[in-house]
Amino acid sequence: MLWMIAVLCKRKKIFKRLFPETHWVAALDGIETYKSREKDDCEHCLSRRVLVDDEYITEYYHRYVVLQMVGVTPAVFLDVEALQPGETEAAAGMRLLERFLKRHPRYLDAITMDAFYLQAPFVKKLLKYGLHLLIVLKQENRELYQDAVGLCASVPVKITKVVTKEIRFWDLGAMQTWTQLEREVRVVRSIEKQLKGKKQKNGEWVYKEETKDWIWCIISPEGGEKPDGELTVKWGHARWDEETRGFFELTQYWHLDHCYRHNATAMLACLMILFMAFTLTTIFFQRNLKGIWRSFTRVALARLLMDDLVLPYEGSFWPAAPT
Ligand SMILES: [Zn+2]
């Protein structure tokens with residue numbers, strides 16, 4: 001059903017772009033919904049050792065990889081896959097992507113991912129599907145990282161200033177350093193300085209400079225188009241845009257991390273139902289509400305929607321669905 005909703009969203013032109021462009025981009029990310037230090041009767045719990053008051057204890061948790069649209073609203077959830085005990089996030093991520101991409105080979109143009117997906121076998125396998133891959137580059141990938149940082153000295157920098165934000169951008173072009181991949185990757189770097197103001201109790205504003213240094217690898221299908229470096233930075237940032245992606249809202253108001261029943265199948269089903277409800281409610285609020293209702297907060301609207309479901313009203317608060 002998540003797939004069906006996603007396909008309908010595209011067909012019915014539901015998606016609104018958050019910045020002008022033509023690619024369809026999704027982010028692959030991990031989320032954790034359950035954590036306990038007591039052993040329950042569950043075979044699917046993952047476990048890790050954590051340090052508590054100078055003592056190592058075992059913590060049990062459930063983790064999922066999620067594929068979600070970015071750069072558009074609503075940020076539709078495309079698919080979710082549970083991590084099995086002992087496997088890496090990349091293994092679960094690959095299972096999810098292969099399932100989705102085999103069924104919907106042309107739905108996406110690009111996928112953005114975290115640094116630990118930057119592994120040659122994972123990337124090689126995924127390249128078969130003809131997508132652009134945008135992966136964060138961190139120091140763990142030492143050679144490529146060091147080469148990229150070193151190259152910045154000899155490549156012209158492009159500086160953009162927007163009010164309190166300064167962006168230094170380098171398109172480092174194709175690099176051959178990542179030998180295991182047996183092909184070149186493009187690297188872009190963006191250092192962003194922003195003055196962030198905070199109002200003190202005495203009414204004065206204190207400004208602090210925040211600097212973020214981002215390096216991304218872009219691996220594109222051979223022979224195809226090469227997306228503009230600055231555009232790919234926008235894809236990368238869209239992955240971090242928690243507010244538009246809904247994770248904050250889902251945790252705060254939708255109890256994403258509540259475990260209704262500690263059973264792997266039930267937990268996955270609840271998560272999928274939650275994603276479906278989130279997508280459908282967002283679309284309903286965005287498209288079906290008119291007039292005064294548009295000024296209500298989503299929480300207030302959700303409350304009314306709930307009342308409407310359980311109370312014996314004459315008629316409904318809500319306008320009729322479009323036919
Ligand atoms: Zn469990």
Side-chain angles (χ1 to χ4, degrees), residues 1-6 26-70 75-103 111-119 121-122 125-126 135-136 138 140 239-240 242 245-282 302 306:
M1 283 184 84
L2 285 173
W3 289 355
M4 204 171 79
I5 293 168
L28 189 69
D29 264 311
I31 55 164
E32 221 170 281
T33 58
Y34 172 90
K35 170 166 90 172
S36 167
R37 284 170 190 175
E38 266 154 54
K39 178 90 183 106
D40 215 339
D41 186 21
C42 168
E43 292 166 18
H44 299 274
C45 270
L46 314 177
S47 64
R48 63 184 160 214
R49 304 290 280 168
V50 288
L51 192 61
V52 182
D53 301 330
D54 295 331
E55 201 190 333
Y56 276 101
I57 56 165
T58 307
E59 191 169 75
Y60 301 91
Y61 64 104
H62 281 250
R63 194 172 168 85
Y64 301 85
V65 266
V66 173
L67 187 67
Q68 188 185 15
M69 296 299 286
V70 294
V76 169
F77 287 94
L78 299 175
D79 208 331
V80 49
E81 178 74 22
L83 262 77
Q84 300 303 328
E87 77 173 353
T88 61
E89 197 164 315
M94 185 49 79
R95 211 160 49 236
L96 182 156
L97 288 173
E98 289 201 307
R99 177 174 64 219
F100 182 82
L101 296 170
K102 272 182 188 152
R103 186 68 181 267
I111 300 180
T112 130
M113 284 169 279
D114 214 341
F116 56 79
Y117 287 102
L118 197 62
Q119 309 165 15
F122 180 87
K125 213 166 170 189
L126 201 51
I135 311 181
V136 178
K138 288 205 180 128
E140 291 84 21
R239 193 180 139 244
W240 286 109
E242 288 285 313
R245 291 186 60 201
F247 281 125
F248 170 77
E249 187 181 326
L250 280 168
T251 315
Q252 192 84 357
Y253 299 108
W254 296 69
H255 311 293
L256 173 73
D257 48 4
H258 181 75
C259 178
Y260 295 90
R261 186 162 140 65
H262 190 180
N263 167 288
T265 311
M267 288 163 86
L268 184 61
C270 284
L271 201 58
M272 286 177 159
I273 292 169
L274 183 73
F275 288 161
M276 210 157 68
F278 174 77
T279 306
L280 293 177
T281 316
T282 312
M306 189 174 73

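Both backbone and side-chain heavy atoms feed into the values below; hydrogens, waters and symmetry mates do not. As the structure lists them, so they are numbered: ligands from 1, and atoms in each ligand from 1. When a residue number appears, it is its place in the shown sequence, counting from 1.
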C42 atom SG and H262 atom NE2 as seen from the Zn ion (ligand 1), angle to 10 degrees: 100°
Parallel, tilted or perpendicular: ring planes of F77 versus F247, cut at 30 and 60 degrees: perpendicular
R37 and T58: side chain donor to acceptor below 3.5 Å: no
Heavy atoms from other residues, nucleotides or ligands near OH of Y253 exceed 12 (cutoff 6.0 Å): no
N, O or S of C45 under 2.8 Å from the Zn ion (ligand 1): yes
Shortest-distance N/O/S atom, H62 versus the Zn ion (ligand 1): NE2
R95 side-chain N/O to A82 backbone N/O, donor-acceptor pair under 3.5 Å: yes
